[in-house]
Amino acid sequence: MLKNYSSNIDFYLLGFYGSRERHNILFAVFFFLYSVTLMGNIVIIVTVYIDKRLQSPMYFFLGHLSILEILVTSVIIPWMLWGLLLPGMQAISLTACAAQLYLYLSLGTSELILLGVMAVDRYVAVCNPLRYNIIMSSHTCIWMVIVSWVFGFLFQIWPVYATFQLTFCKSNVLDHFYCDRGQLLKLSCDNSLFTELILFLMAVFIIVGSLIPTIVSYTYIISTILKIPSASGRKKAFSTCASHFIVVVIGYGTCLFLYVKPKQTQAAEYNRVASVMVLVLNPFLNPFIFTLRNDKFIQAFRDVMKRCCGLLQG
């Protein structure tokens, strides 16, 4: 029997099913998407930091969101890519498994809270523009970001601790490409129904709790935009929050499918597909959603590139 009384225990990740050829194709696709995700978010961070025209709350939050995107994907995807290159199952120690799960959940929680903060920022910008600079002062923005980061890491301490207090005796094989909590609960020989209920309620609290200010903010935003008499004015107002709204719909939609379910031990294939959406596709799309239709950012990026080219030529 496998017990979790030693940090020397290894779990084995099954990863993706299929032939070596299929694994090679998946590796190429995921490596490309991950590389573009890293480059896209690094471009956002550097451009926001360098260009003074982007020194506003919206871009300050966007820079931190990009940092979180890089970190949350880097906790899982390099491990997943390495698993696709291995001929068999991928071994991971109990300690590394706990650390991976904790970092993934903490960073993901911080990201959800930050999306809620960004919704409030858009509400103030659209519904109370004359007091925007007073309400969203640099001091307020810094504290909002600090709370997002700290709360995410504090909130996930107990869920991860409770998960690894269970006794794993059924097997040491996880049917996933990372240390998924649902798969860990499947390996437990303890009665984990109460733990699963608490984990479900905590997932509801963090996802729905961070979604409420977003829903309220966009209710007021849409109401305010509809009152603008000119079509060009309505279009300009909505363009300031359209990208955030799209990211919220995609991000929260996939998270609700993956985490807000009473039975944490959902079918492995379902979890695998949903996890690919959350970890690979969403982070890949987000930099494009935030920047492609943002003329101010595109102009700032062009100017940064010109300055970099000038420095290289000089």
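Treat the numbers as computed from the prediction; the structure is a model and nothing was measured. What you see below is based on every heavy atom in this structure, not just the backbone, and it leaves out hydrogens, waters and symmetry mates.
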Exercise. Could you go step by step and tell me if Tyr252 and Ser210 meet the side chain to side chain donor-acceptor pair (under 3.5 Å) rule?
Worked result: CA-CA 10 Å; Tyr252 277 95; Ser210 61; 2.9 Å; yes

Problem set entry | Step-by-step salt bridge (charged side-chain N to carboxylate O under 4.0 Å, His left out) determination, Asp175 to Arg272 | CA-CA 9 Å; Asp175 192 3; Arg272 205 169 358 247; 3.2 Å; yes

For this session: Walk me through it: do Gln156 and Ser106 pass the test side chain to side chain donor-acceptor pair (under 3.5 Å)?
Result: CA-CA 6 Å; Gln156 292 298 340; Ser106 299; 5.9 Å; no

Problem set entry | side-chain contact (heavy atoms from CB on, under 4.5 Å) between Met39 and Tyr34, intermediate numbers included | CA-CA 9 Å; Met39 288 188 291; Tyr34 177 57; over 6 Å; no

Exercise. Would Thr140 and Ser137 count as a side-chain contact (heavy atoms from CB on, under 4.5 Å) if you check the C-alpha gap in whole Å, the side-chain angles of each, and the deciding distance to 0.1 Å?
Worked result: CA-CA 5 Å; Thr140 302; Ser137 64; 3.0 Å; yes

For this session: Might you work through the ring pair (Phe, Tyr, Trp, His ring centres under 6.0 Å) test for Phe16 and Phe30, ending with a clear yes or no?
Result: CA-CA 12 Å; Phe16 293 89; Phe30 292 153; 5.7 Å; yes

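Note that OG1 of Thr195 and CH2 of Trp158 are 5.5 Å apart. Values are rounded to the nearest 0.5 Å. Atom-to-atom distance recorded for Leu279:CG and Met80:CE is 7.5 Å, nearest 0.5 angstrom. With rounding to the nearest 0.5 Å, the separation of CG in Asn286 from CD1 in Ile246 is 10.5 Å. From Met118, atom CE reaches atom CD1 of Ile113 across 14.0 Å, with rounding to the nearest 0.5 Å. Distance CZ/Phe151 to CD1/Ile146: 15.5 Å, rounded to 0.5 Å. Separation of atoms CG (Leu114) and CG (Leu62) is listed at 9.0 Å; rounding is to 0.5 Å.
Residues Val278 and Tyr104 have side chains in contact (heavy-atom distance under 4.5 Å, counting atoms from C-beta outward). Two residues are said to be in side-chain contact when any heavy atoms from C-beta on lie closer than 4.5 Å; Ile45 and Ile67 meet this criterion. Inter-residue side-chain proximity for Phe205 and Phe155 is flagged as met; some heavy-atom pair is nearer than 4.5 Å. By the 4.5 Å heavy-atom criterion applied to side chains, Met277 and Ile250 are not counted as neighbours. Inter-residue side-chain proximity for Leu281 and Leu33 is flagged as met; some heavy-atom pair is nearer than 4.5 Å. Residues Val173 and Leu14 form a side-chain contact, since some pair of their non-hydrogen atoms from C-beta on lies under 4.5 Å apart. Inter-residue side-chain proximity for Thr214 and Leu115 is flagged as unmet; no heavy-atom pair is nearer than 4.5 Å. The side-chain heavy atoms of Leu38 and Ser74, taken from C-beta on, include a pair separated by under 4.5 Å.
The two residues Phe177 and Ser275 come nearest to each other via the heavy atoms CZ-CB, 3.7 Å. Pro57 and Met136 make their closest contact through CG-O, 3.5 Å (heavy atoms, listed as atom of the first residue, atom of the second, distance). Here the closest heavy-atom approach between residue Thr224 and residue Val126 is recorded as CG2-O, 3.9 Å. Heavy-atom minimum distance, Trp149 versus Ser110: O-OG, 3.3 Å.
Side chain of Gln55 to backbone of Val48: a donor-acceptor contact under 3.5 angstrom is found. Thr167 places no side-chain N or O within 3.5 Å of a backbone atom of Cys189 that could act as its donor or acceptor partner. The backbone N or O of Thr219 lies less than 3.5 Å from no partner atom in the side chain of Ser223, so there is not a single donor-acceptor pair. One N or O on the side chain of Thr73 and one on the backbone of Ile70 form a donor-acceptor pair closer than 3.5 Å. With Tyr59 contributing its side chain and Thr47 its backbone, the two residues share no donor-acceptor pair below 3.5 Å. Asn41 places a side-chain N or O within 3.5 Å of a backbone atom of Thr37 that can act as its donor or acceptor partner. Of the possible donor and acceptor atoms, none in the side chain of Ser188 sits under 3.5 Å from a partner among the backbone N and O of Leu185. In this structure, Gln100 contributes its side chain and Cys179 its backbone to a donor-acceptor pair below 3.5 Å. Judged by distance alone, the side chain of Arg22 and the main-chain N or O of Tyr17 form a donor-acceptor pair under 3.5 Å.
The environment of Arg20 atom CZ is dense: over 12 non-hydrogen atoms of other residues, nucleotides or ligands sit within 6.0 angstrom. Annotation for Phe245: atom CZ does not count as buried by contact number, only 12 or fewer foreign heavy atoms lying within 6.0 Å. Summarising the local packing, CH2 of Trp143 is surrounded by 12 or fewer heavy atoms from other residues, nucleotides or ligands at distances under 6.0 Å. In this structure, Phe27 places its CZ atom where more than 12 heavy-atom neighbours from other residues, nucleotides or ligands lie under 6.0 Å away.
For the salt bridge (charged side-chain N to carboxylate O under 4.0 Å, His left out) test with Asp303, the passing option among Lys296, Lys52, Arg53 is Arg53; the others fail.
Taking the six-membered ring for Trp and the full ring otherwise, His176 and Phe11 have centroids separated by 6.0 Å or more. If you look at Phe60 and His64, their ring centroids are closer than 6.0 Å.
Both Met58 and Ile142 sit in one connected hydrophobic cluster of ILVMFWY residues. Membership requires side-chain heavy atoms under 4.5 Å apart, directly or through other members.
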